Protein chains: 2
Amino acid sequence: MEIRHLLYFKAVAEHLHFRNAAASLFISQPPLSRQIRELEEELGVQLFLRNNKRVVLTEAGKYFATSVDTIFAQLEESKNITRQIHLAADSGELKIGYTSSVYQPHLAEILKALRQVFPFIKTSLYERPTIKQIEALEQGKLDVGILRAPVHSDKLEVQTLFFDPFMVVVPSAGKKFNNIGELADFIKDKPFIFFNKEYAPHYYDKLVEICHRLGFKPDITHEVNNVHSIVQLVEAGLGVSILPLSLKQQYANLQLSFIELKDIPVNTEVVLAYKKSNLNAALKWFIKNYNSK
Amino acid sequence: MEIRHLLYFKAVAEHLHFRNAAASLFISQPPLSRQIRELEEELGVQLFLRNNKRVVLTEAGKYFATSVDTIFAQLEESKNITRQIHLAADSGELKIGYTSSVYQPHLAEILKALRQVFPFIKTSLYERPTIKQIEALEQGKLDVGILRAPVHSDKLEVQTLFFDPFMVVVPSAGKKFNNIGELADFIKDKPFIFFNKEYAPHYYDKLVEICHRLGFKPDITHEVNNVHSIVQLVEAGLGVSILPLSLKQQYANLQLSFIELKDIPVNTEVVLAYKKSNLNAALKWFIKNYNSK
DNA sequence: ATTTTATGATACTTAATAGCTATCAATAAT
DNA sequence: ATTATTGATAGCTATTAAGTATCATAAAAT
């Protein structure tokens with residue numbers, strides 16, 4: 001039995017006329033007669049009573065007709081849902097966003113483990129500022145983002161990863177600061193190197209707040225749009241900066257001094273963000289395993 | 001899409017191995033690959049992720065697999081029920097039993113009307129004694145019987161058609177009986193013509209009861225097994241008989257006298273009997289219309 | 001009663017396609 | 001680096017669905 005048989009049966013059951021039914025199927029009458037006969041033979045059931053002038057459904061045929069309707073409806077629904085799942089869950093790709101200011105030593109490790117579980121997954125990493133990531137996540141251009149709070153979006157789920165205090169970064173000079181006051185005096189007139197305001201407005205505000213607490217207004221001479229440039233410019237002696245503490249280990253080999261701001265109660269929250277409606281199975285695995293590490 | 005595609009899909013989903021799946025389907029691997037590709041193209045959905053070494057279901061594929069299971073189960077159930085209905089309801093024939101002693105002038109009329117509603121029905125009429133009909137009905141050899149109560153069978157449904165009083169049948173002689181006493185005197189020594197006891201035991205008992213009430217014991221000289229023979233023998237002057245009144249009109253043209261036994265409170269009940277489990281649509285129509293006439 | 005028309009079945013031919021063989025490219029194990 | 005295994009591809013064969021022509025017969029028309 002093939003779906004063709006069921007389809008042809010339905011046509012004859014509706015028309016109760018082989019020639020008309022055949023026309024409605026855009027085939028000629030003899031093959032239709034044959035397919036119906038085949039179906040009846042396979043079932044061992046007479047579905048139609050017919051002579052040259054009249055075609056009627058048997059009782060069994062009547063039942064089978066309604067039954068075939070149900071099956072077709074179910075098949076159609078199944079196809080639709082399958083297509084929906086395909087669109088929602090089976091990109092075969094996991095698009096991950098991250099900000100340059102977050103150092104993630106175990107990301108590579110997790111991507112490796114991901115390929116064990118999803119051997120066909122393609123992963124794409126995008127370094128993007130928080131605000132761009134939020135847009136991209138909302139539009140489905142990213143599956144998950146590693147970024148800094150706050151995330152103001154009711155379309156996204158947010159999970160805290162950790163809280164990151166700040167540190168002052170200055171060129172390595174063997175200098176020692178006994179207290180916050182000495183440090184503030186040292187840097188207050190130095191040129192500051194930082195992200196530009198459009199790139200990371202919230203982050204920019206934090207910097208200004210920290211300097212305010214240290215008793216001065218920063219002179220932001222160089223604005224850049226990624227953390228690597230900031231660090232390089234500081235190392236080259238063009239100025240100082242204030243960055244999240246977690247970056248310290250990433251640049252431990254550079255000629256820089258990092259001074260933690262222990263007494264300044266300002267920090268940033270690093271989070272995972274993703275669309276709740278995103279069915280991507282690799283995403284689910286990623287969230288679960290990133291968190292538990 | 002054909003059922004073949006779904007069947008092949010299921011095989012690959014179970015084996016997660018094209019060559020093994022092909023072997024399990026007793027086909028070679030290339031056509032299997034092609035059918036799966038066709039299915040994926042029609043759905044617009046990737047069902048498997050695969051390379052030369054590994055085959056896994058996508059999320060959409062996982063859903064589709066369970067969904068196809070359901071559809072197959074439903075199709076199988078539908079086929080079974082259709083076959084059952086075929087066996088129970090679609091004989092395309094209506095087998096009617098009747099006793100020779102019941103005259104049914106509108107039976108022919110009803111059979112004609114039946115053919116309007118069921119143009120393909122084949123009707124078979126069987127003249128059989130009540131006890132044989134009961135057996136045949138129970139065994140499904142008859143669909144419906146027109147017979148005389150009592151019907152002692154818990155497998156059969158019984159519907160009363162009418163109550164039939166008795167009459168005495170004698171050769172036409174212009175004789176007149178002013179009362180039951182005269183009649184009894186006239187027939188008590190005559191030879192009786194009647195059904196044999198094995199053929200219609202209950203009916204036989206009724207005859208004896210009537211004679212008892214008339215004050216004599218019948219001398220049953222001729223035993224026969226159909227009502228036509230009884231009537232013919234009476235007409236030929238071989239004896240007398242006692243028969244149901246309803247037969248009077250059937251033999252009105254013969255040289256016979258019919259004397260109603262108005263004062264004898266013995267009659268027989270004519271009934272329709274049929275199996276309740278019989279789904280024959282023509283039977284249902286027959287019962288309904290026979291009754292309402 | 002006879003003729004005409006319409007219809008499903010049948011016999012045979014053509015066209016589409018499922019399935020087969022041979023082979024390739026790529027992966028993973030040795 | 002080599003070998004074995006596997007799904008994909010190309011081209012051919014065999015099966016079968018679909019088409020054409022025709023028949024037999026039931027119902028309608030005459």
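Being a predicted model, the structure only gives us computed values, none of them experimental. Values below: every heavy atom of this structure, side chains too, minus hydrogens, waters and symmetry copies. In what follows, every chain begins at residue 1, and chains take the letters A, B, ... in the order their sequences are listed.
Smallest separation of non-hydrogen atoms from B:I121 and B:E93: CD1-N, 3.8 Å.
Between B:F9 and B:F48, the ring planes are tilted. Angles from 30° to 60° get that label.
Using a 4.0 Å heavy-atom cutoff across all strands shown, A:R19 reaches at least one base atom of the nucleic acid. Here A:E2 lies out of heavy-atom contact (under 4.0 Å) with every strand. B:S28 comes within 4.0 angstrom of a nucleotide base, judged by non-hydrogen atoms across all strands. Counting any heavy atom pair closer than 4.0 Å across all strands shown, A:R4 reaches sugar-phosphate atoms only and no base atom. The residue B:Q29 sits close to a base: some heavy atom pair falls under 4.0 Å. Within the nucleic acid shown, B:F48 has no heavy atom closer than 4.0 Å to any nucleic acid atom.
Residues A:E109 and A:K112 are not paired through a salt bridge, judged by the lack of any N-O separation under 4.0 Å between the basic side chain and the carboxylate. Taking a cutoff of 4.0 Å between a charged side-chain nitrogen and a carboxylate oxygen, B:E40 and B:R50 qualify as a salt bridge.
In this structure, A:E38 places its CD atom 12 Å from C1' of D:dT15, rounding to the nearest Å. The interatomic distance linking B:H15 (NE2) with D:dT6 (C1') rounds to 15 Å, in whole Å. As a whole-Å value, the separation of B:L32 CG from C:dT21 C1' is 16 Å. Taking atom CG of residue B:L16 and atom P of nucleotide D:dG7, one finds them 10 Å apart after rounding to whole Å. Rounded to whole Å, the distance from CE on A:M1 to P on D:dA17 is 14 Å. B:E41 places its CD atom 14 Å from the P atom of C:dT17, with the value rounded to the nearest Å. Distance B:I36 CD1 to D:dT6 P: 17 Å, rounded to the nearest Å. If you measure from atom CZ of B:R34 to atom P of C:dT21, you get 15 Å, rounded to the nearest angstrom.
Mapping B:P30 and A:N51 onto DNA chain D by nearest heavy atom places B:P30 closer to the 5' end of the strand.
Of the side-chain N and O atoms in A:R50, none sit less than 4.0 angstrom from OP1 or OP2 of C:dT7. Side-chain nitrogen and oxygen atoms of B:S33 include none within less than 4.0 Å of the OP1 or OP2 phosphate oxygen of D:dG7.
For D:dA26, its base never sits under 3.5 Å from the side chain of A:R54 at any donor and acceptor pair. Between the side chain of B:K53 and the base of D:dT5, a donor-acceptor pair under 3.5 Å is found.
The shortest side-chain heavy-atom distance between A:V231 and A:H228 does not fall under the 4.5 Å cut-off.
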